[in-house]
Amino acid sequence: MPTVMREGSYRFFFYSNEGHEPPHVHVEEENKEAKFWLEPVTFARNSGFAAHRLTQIQSLVQQHQAELLGRWHDHFSGR
């Protein structure tokens, strides 16, 4: 589970066995986790985050979309 970015209390990461799926990122904070597709940035699933936090996280994913996509392709290109 490589961490690709940290923003405040959020950790953005990939599961290494999910390279067969379209580009996406997981975001966790404590025992909560959400998943966002990266092309286009859209919400995929949530486990524990309140709606207003999902909105905040989605905004962060949009702000860092290019960086996250680059890291996705770097991580999964050798597989």
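Quick note: residue numbers are just sequence positions, from 1.
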Checklist entry - So, Thr42 side chain and Leu38 main chain: donor-acceptor pair closer than 3.5 Å or not? => result no

Checklist entry - Under 3.5 Å, is there a donor-acceptor pair between the side chain of Glu39 and the main chain of Pro23? => result no

Checklist entry - With Gln58, which residues qualify under side chain to side chain contact (heavy atoms under 4.5 Å, CB included), at least two apart? => result Phe36, Val41, Phe43, Gln62

Next on the checklist: Using ring centroids (six-membered ring only for Trp), state whether His26 and Tyr15 fall under 6.0 Å.
Outcome noted: yes

Next on the checklist: What I want to check is whether the side chains of Ser47 and Glu33 have a donor and an acceptor closer together than 3.5 Å.
Outcome noted: no

In Å and rounded to the nearest 0.5 Å, what is the [atom1] to [atom2] distance from [X] to [Y]?
{"X": "Arg45", "Y": "Leu54", "atom1": "CZ", "atom2": "CG", "answer": "12.0 Å"}
{"X": "Leu69", "Y": "His24", "atom1": "CG", "atom2": "NE2", "answer": "12.0 Å"}
{"X": "Leu60", "Y": "Tyr10", "atom1": "CG", "atom2": "OH", "answer": "7.0 Å"}

Of all the heavy-atom pairs spanning [X] and [Y], show the shortest one and how long it is.
{"X": "Leu68", "Y": "Phe14", "result": "O-CZ, 3.8 Å"}
{"X": "Val25", "Y": "Phe13", "result": "CG2-O, 3.6 Å"}
{"X": "Trp37", "Y": "Glu21", "result": "CH2-OE1, 3.6 Å"}
{"X": "Gly48", "Y": "Asn46", "result": "N-OD1, 3.5 Å"}
{"X": "Arg11", "Y": "Thr3", "result": "NH1-OG1, 2.6 Å"}
{"X": "His75", "Y": "Ser16", "result": "NE2-OG, 3.2 Å"}

Item to check | Salt bridge Glu67-Arg71, side-chain N to carboxylate O under 4.0 Å | outcome: yes

Checklist entry - Quick one: are Arg53 and Glu29 in side-chain contact, heavy atoms under 4.5 Å? => result yes

Checklist entry - Any side-chain heavy atom of Glu28 sitting closer than 4.5 Å to one from Phe12? => result no

